[in-house]
Amino acid sequence: MAEFKGTPITPELHAYVLAHNPPLDPVQQGLVETTQRALPRDAIKQIAQEQGPLLAFLVRLTGARHVVEVGTFTGLSALSMAQALPEGGRLVALDISEEWTAYARQAWEQAGVDGRIDLRIAPALDSLRAMPEEPHVDLAFIDADKDNYINYWEELVPRMRPGGLIVVDNVLMMGSVLDPGNHPVGAAVRQFNTHVAADKRMESVMITVADGLTLARRVGA
């Protein structure tokens with residue numbers, strides 16, 4: 001077994017990381033607080049605060065102009081990416097909840113990025129399958145129902161430009177991927193991770209940010 005060289009993340013160390021990352025702007029911070037207050041049982045679905053600056057960084061790093069998000073919730077990830085898009089960039093956000101995305105719409109409007117975001121309320125697989133089939137997506141973020149992760153992946157990979165990046169959240173699923181047992185979500189994520197590792201169309205790495213992220217780059221044509 002490889003030697004573990006990671007640093008256990010305590011609440012104090014997590015606060016230190018946040019303090020040395022780009023801070024959330026007032027709209028982003030307000031959205032975090034609104035989500036926690038209005039949807040306390042579901043607020044865990046919001047991305048970790050350190051993931052917002054990371055997603056924005058990846059948009060800028062890749063020069064992405066066409067972004068697809070599968071799973072929007074209250075809109076923090078879409079907000080972070082939309083703010084990083086260049087002039088003329090576009091983000092297609094896919095979700096099924098009018099209730100949750102109402103908070104997103106308000107925050108996007110406050111931040112002045114609502115014109116960059118195309119929110120589509122429908123089952124994400126239907127929305128993905130309705131998109132042009134040729135490679136046109138620069139960056140995709142998957143953070144939705146885990147049972148469909150493989151299906152979302154299979155719809156997105158052929159639509160990614162060469163060098164395009166797919167980012168997938170919750171690939172550790174709170175550790176349940178090690179021994180799913182009676183944890184069906186952990187079992188689904190474990191199956192997805194195996195699927196990604198075997199996909200020769202993509203070059204992927206898994207990193208231990210928050211609940212685990214996979215970064216995968218489209219190789220070839």
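Side chains included, hydrogens not; waters and symmetry mates left out as well; all remaining heavy atoms used. All figures in this text were calculated on a predicted structure; none of them were measured in a lab.
Under the 3.5 Å distance criterion, the side-chain polar atoms of Gln29 are left unmatched by any main-chain donor or acceptor of Leu24. A distance-only check finds no donor-acceptor pair linking the side chain of Lys200 to the backbone of Ala198 [under 3.5 Å]. Ser97 contributes a side-chain N or O that, together with a main-chain N or O of Trp100, makes up a donor-acceptor pair within less than 3.5 Å. Looking at Asp95, its side chain does come within 3.5 Å of a backbone N or O of Phe73 through a donor-acceptor pair. Counting only distance, with no hydrogens or angles, the side chain of Asp199 and the backbone of Arg201 share a donor-acceptor pair below 3.5 Å. Arg218 contributes a side-chain N or O that, together with a main-chain N or O of Val157, makes up a donor-acceptor pair within less than 3.5 Å. A donor-acceptor pair under 3.5 Å is absent between the side-chain atoms of Arg190 and the main chain of Val171, judged by distance alone. The backbone N or O of Ala48 lies less than 3.5 Å from a partner atom in the side chain of Gln51, making a donor-acceptor pair. Of the possible donor and acceptor atoms, one in the side chain of Trp108 sits under 3.5 Å from a partner among the backbone N and O of Gly75.
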(request) Verify side chain to side chain contact (heavy atoms under 4.5 Å, CB included) between Leu76 and Val32, making sure each step is shown before the conclusion. (result) CA-CA 8 Å; Leu76 180 59; Val32 170; 3.8 Å; yes

(message) If you apply the rule side chain to side chain contact (heavy atoms under 4.5 Å, CB included), what do you find for Leu156 with Ile142, and how did you get there?
(response) CA-CA 10 Å; Leu156 281 165; Ile142 303 175; 3.8 Å; yes

(message) Apply side chain to side chain contact (heavy atoms under 4.5 Å, CB included) to residues Val113 and Leu79 and explain how you reach the verdict.
(response) CA-CA 7 Å; Val113 297; Leu79 173 59; 3.8 Å; yes

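Looking at heavy atoms from C-beta onward, Ser127 lies in side-chain contact with Arg120 at the 4.5 angstrom threshold. The shortest distance between side-chain heavy atoms of Val167 and Leu54 does not fall below 4.5 Å. Leu91 is not listed as a side-chain neighbour of Asp118, based on a closest heavy-atom distance of 4.5 Å or more. The shortest side-chain heavy-atom distance between Glu98 and Arg105 falls under the 4.5 Å cut-off. Contact of the Asp169 side chain with the Leu213 side chain is registered, since non-hydrogen atoms from C-beta on lie closer than 4.5 Å. At least one side-chain heavy atom of Leu55 sits less than 4.5 Å from a side-chain heavy atom of Ile47. At a threshold of 4.5 Å between non-hydrogen side-chain atoms, the residues Met174 and His183 do not count as touching. In this structure, the side chains of Arg41 and Leu39 stay at 4.5 Å or more apart for every pair of heavy atoms.
Side-chain atoms of Ser204 and Thr214 include no donor-acceptor pair closer than 3.5 Å. In summary, the side chains of Thr194 and Gln191 do not present any donor paired with an acceptor at a separation below 3.5 Å, with no hydrogens or angles considered. A donor-acceptor contact closer than 3.5 angstrom links the side chains of Asp25 and Gln83.
With respect to the salt-bridge test (charged N to carboxylate O, under 4.0 angstrom), the residues Arg159 and Glu134 do not qualify. Ion pair Asp138/Arg65 not flagged as a salt bridge, since none of the NZ, NE, NH1 or NH2 atoms sits closer than 4.0 Å to an Asp/Glu carboxylate oxygen.
Contact record, Ile117 with Ala93: CG2-CB, 4.1 Å, taken as the closest heavy-atom pair. A pairwise comparison of heavy atoms in Pro135 and Pro158 identifies CG-O, 3.6 Å as the closest pair. Nearest heavy atom pair, residue Pro8 against residue Leu13, reads O-CD2, 3.6 Å. Among all heavy-atom pairs drawn from Asn151 and Leu125, the shortest one is CB-CD2, 3.7 Å. Taking every heavy atom of both residues into account, Ala56 and Ser80 meet most closely at CB-O, 3.6 Å.
Under a hydrophobic clustering in which Ile, Leu, Val, Met, Phe, Trp and Tyr are joined whenever their side-chain heavy atoms come within less than 4.5 Å, directly or via other members, Met206 and Ile166 fall into the same cluster. No single ILVMFWY cluster, assembled from side-chain heavy atoms under 4.5 Å apart, contains both Phe141 and Ile44. Note: the hydrophobic cluster containing Trp153 does not contain Met173 (ILVMFWY, side chain heavy atoms under 4.5 Å, direct or indirect links). Grouping the Ile, Leu, Val, Met, Phe, Trp and Tyr side chains by contacts below 4.5 angstrom, directly or via other members, places Val205 with Leu165.
Between His66 and His136, the angle of the ring planes lies from 30° to 60°, which puts this pair in the tilted group.
Distance check: Thr72 OG1 to Asp143 CG gives 9.0 Å after rounding to the nearest 0.5 Å.
Screening Val68, Leu128, Leu94 for a side chain to side chain contact (heavy atoms under 4.5 Å, CB included) with Tyr152, the sole residue that qualifies is Leu128.
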